There are 4 protein chains.
Amino acid sequence: MKKVTVGIIGAGRIGQLHADNILGSQLYNLKALSDIQVEHLKGTHYENLVPVITTNPQDIFTDPEIDAVFICSSTDTHAEYIKAAARAGKHIFCEKPISFNIEETRKALEVVKEAGVKFQVGFNRRYDKHFRKVRETVQAGVIGTPHVIKVCSRDPEAPPEAYVQRSGGMFIDMTIHDFDMVRYLSGSNVTEVSVAAANLVDPMFGVNGDIDTAIITLKFENGALAVIDNSRQAVYGYDQRIEVFGDKGVVSAENETQTNIRISTKESIASDHPKYFFLDRYKDAYVEEINDFAKAILEDGPLVCTGEDGYQAELLAVAARVSWKEARTVSLAELSSVPV
Amino acid sequence: MKKVTVGIIGAGRIGQLHADNILGSQLYNLKALSDIQVEHLKGTHYENLVPVITTNPQDIFTDPEIDAVFICSSTDTHAEYIKAAARAGKHIFCEKPISFNIEETRKALEVVKEAGVKFQVGFNRRYDKHFRKVRETVQAGVIGTPHVIKVCSRDPEAPPEAYVQRSGGMFIDMTIHDFDMVRYLSGSNVTEVSVAAANLVDPMFGVNGDIDTAIITLKFENGALAVIDNSRQAVYGYDQRIEVFGDKGVVSAENETQTNIRISTKESIASDHPKYFFLDRYKDAYVEEINDFAKAILEDGPLVCTGEDGYQAELLAVAARVSWKEARTVSLAELSSVPV
Amino acid sequence: MKKVTVGIIGAGRIGQLHADNILGSQLYNLKALSDIQVEHLKGTHYENLVPVITTNPQDIFTDPEIDAVFICSSTDTHAEYIKAAARAGKHIFCEKPISFNIEETRKALEVVKEAGVKFQVGFNRRYDKHFRKVRETVQAGVIGTPHVIKVCSRDPEAPPEAYVQRSGGMFIDMTIHDFDMVRYLSGSNVTEVSVAAANLVDPMFGVNGDIDTAIITLKFENGALAVIDNSRQAVYGYDQRIEVFGDKGVVSAENETQTNIRISTKESIASDHPKYFFLDRYKDAYVEEINDFAKAILEDGPLVCTGEDGYQAELLAVAARVSWKEARTVSLAELSSVPV
Amino acid sequence: MKKVTVGIIGAGRIGQLHADNILGSQLYNLKALSDIQVEHLKGTHYENLVPVITTNPQDIFTDPEIDAVFICSSTDTHAEYIKAAARAGKHIFCEKPISFNIEETRKALEVVKEAGVKFQVGFNRRYDKHFRKVRETVQAGVIGTPHVIKVCSRDPEAPPEAYVQRSGGMFIDMTIHDFDMVRYLSGSNVTEVSVAAANLVDPMFGVNGDIDTAIITLKFENGALAVIDNSRQAVYGYDQRIEVFGDKGVVSAENETQTNIRISTKESIASDHPKYFFLDRYKDAYVEEINDFAKAILEDGPLVCTGEDGYQAELLAVAARVSWKEARTVSLAELSSVPV
C-alpha cells in the first residue's frame, strides 16, 4: 500500500503527539522533524525512528520524497510555512488557529488554492466519535430542523501566564474549537455574534487583557441559534458537552469518564471524573484526523476540515472579540472592514 | 392546630390545582371559591366541599373568617385584587406574573406593604426538591463562587393561539419562571440582559408579535453570568434542567423521568421520557409552596418567594423584551425610565 | 360516589400508614381502628377523624356499615382475623405475610373462598410505577421470552433484635416481597428453589437462628431462571432493582434517588442517594394499592394481588428455608409433605 | 531499552490479535509465527513484519533469540506446548483455558514451575480499566468487607455449532472468565459451587450436550457469596457488568457504550448500545495484558494472572459442570477425586 511521507514542523507537545500517531499509523512514513531547536529530542525514540531531524524547515520543503507537511509550530509562523509548503507542492495539515490575523489567513489560503494542494486544519473534535455521531444524527434528520445548538467547553485548569500572553486571547485560542463545532453541527454559517465575558477565574487573565469566562450567542443563516459557554477552569475535569435541539427532538453528547464505576457508601454516591484533558479525551480523535488526512491524499478525496473551516472559525473569534470589546452584537457582514 | 382559612379567586386550571391541594392539606380550610362564571363547578366535588361558591370576589374580601386570598384569575385582574385583598387585611398568594405592567405591579406591592399583610408570588419551581437542593448546595459553598448559571427551560408543546394572544409574550409568560430561577440560584441581582430570539416553532407566534425560541444572557452584580435557553416546544417532553458552575465545581439537576426503567433491544437502548408537563413535574412543588405559605402565616415567618421577587422577575421580562425589540444589551439601570 | 367503609385492625406503623392513605382517599370512609392497646392514639388526628377507636376487633366484624377490613396486626393473628372477617362478609386487605404457617394460610384462604369476599395481600411493590412498567413491558413481548429474572433487594439497615425474633426469619419477612416480585414479573410458577445464605451483617441474626444475606436461585415452569440477592443492610440506602432478560432484550428498573442533582468537584462526582426506605420509596405504591382494592370492591373487578399470590410467596419462603437448612435444592412439588 | 522477543503459536483470531498488539508495542519484537497451516497469512502485513512464519512450532522452541512464547492454538494443544516451551526455558503467555483437563493442567504447570519460567494466563478482563478500578476500590477497603459479588456476563450472539462442539462447554469456554473475575474481585478462594442452568437460547446447545443460560452461586472461604449470570445471547450487545457489595457500600462497573450520545424524540429517549463484543470492549485490556507480561519478564516482577489463577478457574468450571449434571451443590474439596 502506498503511504504518505511526512515532515513535521514544530516538535513541541502537539508536534510530538502527531509524530507518535504518524509513527503508529500504517498510512504514513515520518521522514523529517524540524524545530527551531532540537536539543530536547536527543535520546528520544525520534532519533532512531525519524531519518531527518533538523532546525531548518527548508529541509522539509525541498525534500522531494515528502508528500505532506504538518505545521505544528507557534501560530505566528503558520502563515509563512503554509505558503512555503504550498509553493513546494506539499499537502498541508495545519494546527489551529491558522493565524492570529484574518487577512494573513486569507492570503495563505489563497496560495494553497493556487497550488492545488490539500489543506486540513486541526479541528480534532470533528473526529471525536461522540460529536461525529451527534452530527450524523442531525444530518439524518432525526431531530428535525435544528433550532438551538449548545456547546459547553471548559478546560480543567488555566494555562500558565506565558501561554496566555502569546495565545491571542481566549476566543482564538480556546473558543475557536467551539466556533468550529457549532458550524460543524449546524451545517450553516453564522450571521451574528454576541458575547458576555468576564474575568472570574484568575486576575492574571485580566492583567493580560484577556477574559476567562464567556457566554457567546450566535445566529445562523438558517435561523438557528447557538450558545457556547466557556471557562478556563473546571476543577472537576475537562467539560466537553454538546446538544442540538430541533423540532423533532434533541441529541446530546455527555462527557467521557475515566471509568464507568460507581461507588455508593453512606457518605456519597460517586461516579468517576471526566477524562482530565484534551490529550486524554481526544486521544482517538487525534489518530482519526491524521488517518483521514492521509486517505484524502491517497485517494484524492474530500477533506472533513478545510482551510475555509479554519478561516470561518477565525472570523467568529474576531467577531467575538469585537463584541466583547465594544459591548454589542456584531454582524459577520461588517467584519471585512474591521482591522484585525 | 390553627388553620388558615382561604378564599380563591379564579377557578380555572391553576385555581383548581390550588383548591385541591388546599383541600388535601391539614394547614388550610377552603371557605370560598369565586370566578366570573361558576357553571363549570356544578356537580364537582367543590360543591360539597367549599361552603361559598360565588361570582363576586367581594364575598371573599368581606368575609371576616377568611385569612388569606389566592389570586388565580387572569393576569390583568391581579393588581386590582391584590390591592382589594391587602386593604381588607388578607394575606395574599398571587399567581405569576403579578401583572403585565411593571408600574402597576409596583403600586400593588406598595399597597401590600402599607397593609402589612404577607404576599407570596407563585414561583413554584423554588419548591421543586431538585432545584431547592441545587440552591442549598450553592449556598453551602460546595461549588465555590458561582461563575455561570444555566437554565434550560422548554415546554413540551406550544399553547393555543388564544392563550398566546393574552399571554403578554413569552418572556413574561414563560421565561419569568427562569428569570426567577437564576435570581434564586445566584443570590444576586441582574445588571444586564441580552437576548437572541427567534420564531422557529410555529409562525403563529410571529403573527401575534411573539417569539418561541430564545437565548437570554444575563450579568449579575456579583460578576457572575447566566444563560437561559427557551423553546415553546420540546416534543420529547418538559425539559427543565439547571446548572450552577463555580470555582470549586458544578451542581446540576437533570429532568425527572416518568419511570426509571430502561429497555435494551437490538434496535435501541431506551429510557423513559421526562414527565410531560408542569402539572406532573411540579406536582409536589405546588403542594410545598402552599404549605410553606400557610406556615409563614401561622408562625409569622419569612417568605421564600416575595412580592419583590415577583417584581424583579417582571423587570427582567421587560428588559428582555426591550433587548429583543431593539437588538441590544439592556442595562437594568435604564429601566426606570422605560415606559412599560 | 359510593365509598368503601373500612375498619383497620392493628394501629402500628403499617396500620397508621394505611389509615392515613385511607383518610386521604376519595374512595374510602375510615370508620374504625382497633388495636390491643390504643393509648398511643390519644391526642392524634385519629381521635378527630375516626369514629370508632377500640381494643376489640369484634366491634369491626359486627359493624354492618363496614365493608372491608384491613388486617395490619402482628402476623400470628392474621389467620384468625381473616377467618372472622370473611365469616362476617367483609372484604379483606391483609398485610404480608398471610401467616407464618402455610397450612394455616391455606385454611384461612379456604374460609375466604367460601365467604366469597375479596381478598388482597399487601404486596405493595406490584404498585410501584417502575416495577409495573417493567411487567407491562415484559407482557407486551418487548423483550421476548423471559430467560433470566433478577431482583436485588437490600434493606438500608438491620431491624432491631426484638423484631428479628418475631419476624419468622428473613425469607418470610423480607424476601417474601421478592418471591412475589419474581412471580409477578415471570407470569409463571416456580418449580425449584436453591439458597446460599450467610450471616455476615450482624452476629445477632445468627444468634437468633436467622441469616442476613442470601442468594436465591429459582426455576420456573416455563423454563426461565431467576435470582434474588438479599441483604439486611445496605448502608447507602434502600436498594431495590429488578431486571428481566429475554431473547429479544432486557428491561430493568433502577433505584429511585432522593433528587436528580449531581455535584462535580475536584474530589468527587456525586449524585444523590436512593430513597432511604420503604415508606419513602413505596409511598405512592401504598396509595395505589388501597385505591385499587377499593375499585375492585366498588366495581366488583379482579384483584392484582390475590390470596393465591400470598400463598405462593409463602410456599417459596418455606422452600427457601428448607433449602438453606438442608443445603440442597428444594422442589416445590415436595412441599405438601413438609411440616411448616 | 531491552525488548522481549516473541514467538506466537496459533495464528487464528486471537493469535493475530496478540500479534498486532505485539507489533504495536515498544516492549516486544515479534520474531516468529507458527500455525498448522499458514496459507491464510499470505499477502498480509505479517509477511513483511515477522521474520519467521512456520508450520513447525519447534522452530520457536529451538530459537535461542526467542524469550517468550504466546500459546494461541486450540485448547487441546496447550498442555503439550506449555511443557515444550517451559523445557526450552521460554516464558509463557497462554490463552484460556489452560486445558480441558484439570490433571493435564496441573501437570503442565508443574513443568512450568520446575523450569522457573514466567507463566501468564490470558484472563484479559483483569486488565479492563473499569474492573481493575473496582478491584482497587475493594482492596482499598472503601466498601468494607465484601459480602456479595455479582457478575453479569452475556455474549451478544451464540457461537456457531462447530465452535460449540469443541468449546468444552459453556462453563470452561465462557464462564471461565467470570470464575476468574469473582476470584480477582473477592481475593478469596471458592469453597462451594451451585448451578441452575438451562437451554433457552438455541436448541443446538442442548443437542450438543451444552447449556446456554446459567445462574451460578459460589461461596468463598472468607464467607462471602457470589453469583454469576450467563447467557450466550444478549441481542442488545455484549453485557459485562460487575458489582461488589460490602458492609460499607457497593462498587459497580457498568457497560461501556459505543458513544455517550442520547437522542430524545417523541417516540423514545435513546442512548447508545454497549460495545458489541470482546474485541471492541476489551481492546485496550488486550494491550495492557501483554505489556504487563513484558514488564514482568524485563523487570523479573510478579504476574497479575498466574498459572494458579488459570488452574483455579478451571476447577470452578469443573465444579459447575458437576453441579449442573448432578443437580447438587459441589464442594471444591471433593474435586481432587473427580475424574475430569
Side-chain angles (χ1 to χ4, degrees), chain C residues 143-150 152 154 158 191-202 211-220 222-237 239 241 243 245-252 254-255 273-274 323 326-329 331, chain D residues 143-150 152 154 158 191-202 211-220 222-237 239 241 243 245-252 254-255 273-274 323 326-329 331:
Chain C
I143 61 110
T145 303
H147 288 181
V148 177
I149 295 165
K150 300 201 290 191
C152 176
R154 298 168 181 156
T191 57
E192 276 183 27
V193 177
S194 179
V195 166
N199 173 210
L200 301 171
V201 170
D202 189 329
I211 41 84
D212 50 37
T213 306
I215 293 168
I216 303 142
T217 306
L218 306 103
K219 287 191 179 180
F220 293 88
N222 64 12
L225 307 177
V227 60
I228 296 164
D229 73 279
N230 284 149
S231 172
R232 279 290 197 180
Q233 178 197 276
V235 294
Y236 50 89
D239 200 344
R241 290 170 287 157
E243 179 180 310
F245 169 79
D247 63 347
K248 290 187 182 162
V250 65
V251 54
S252 61
E254 291 301 307
N255 284 317
H273 279 80
S323 174
E326 303 183 7
R328 64 178 181 90
T329 298
S331 163
Chain D
I143 60 111
T145 303
H147 288 182
V148 176
I149 295 166
K150 300 201 291 190
C152 177
R154 298 168 181 155
T191 57
E192 276 184 27
V193 176
S194 179
V195 167
N199 173 211
L200 301 171
V201 170
D202 188 330
I211 40 84
D212 50 38
T213 305
I215 294 168
I216 302 142
T217 306
L218 305 103
K219 287 191 179 180
F220 294 88
N222 64 12
L225 307 176
V227 61
I228 297 164
D229 73 279
N230 284 148
S231 172
R232 280 290 196 180
Q233 179 197 275
V235 294
Y236 50 89
D239 200 344
R241 291 171 286 157
E243 179 179 309
F245 170 78
D247 63 347
K248 290 187 181 161
V250 65
V251 55
S252 61
E254 290 302 307
N255 284 317
H273 280 79
S323 174
E326 304 183 6
R328 64 177 181 91
T329 298
S331 163

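As the structure is a computational prediction, the values presented were derived from the model and not from experiment. We name chains A, B, ... by the order of the sequence lines, and we start the count at 1 in each one.
- For the atom pair CD1 (C:Ile215) and CD1 (D:Ile216), the distance works out to 12.0 Å, reported to the nearest 0.5 Å.
- Of all the heavy atoms in D:Ala198 and C:Gly223, the pair that sits closest is CB-O, 4.2 Å.
- Both the backbone and the side chain of D:Val227 come within contact range of chain C, with heavy atoms under 4.5 Å apart.
- Distance check: C:Thr213 OG1 to D:His147 NE2 gives 6.0 Å after rounding to the nearest 0.5 Å.
- Taking all atoms of both residues into account, the shortest heavy-atom contact from C:Thr217 to D:Ala196 is CG2-CB, 3.4 Å.
- Taking every heavy atom of both residues into account, C:Gly249 and D:Tyr236 meet most closely at CA-CD2, 4.0 Å.
- When every heavy atom of C:Val235 is checked against every heavy atom of D:Asp247, the shortest pair comes out as CG1-O, 3.4 Å.
- Chosen from C:Val250, C:Leu225, C:Asp239, C:Leu218, the residue pairing most often with chain D at heavy-atom distances under 4.5 Å is C:Leu225.
- Here the shortest heavy-atom pairing between D:Asp229 and C:Lys150 reads OD1-NZ, 2.7 Å.
- For C:Val201, the parts lying near chain D are the backbone and the side chain together; criterion is any non-hydrogen pair under 4.5 Å.
- Electrostatic pairing of D:Glu243 and C:Arg154 counts as a salt bridge here, judged by a charged N lying under 4.0 Å from a carboxylate O.
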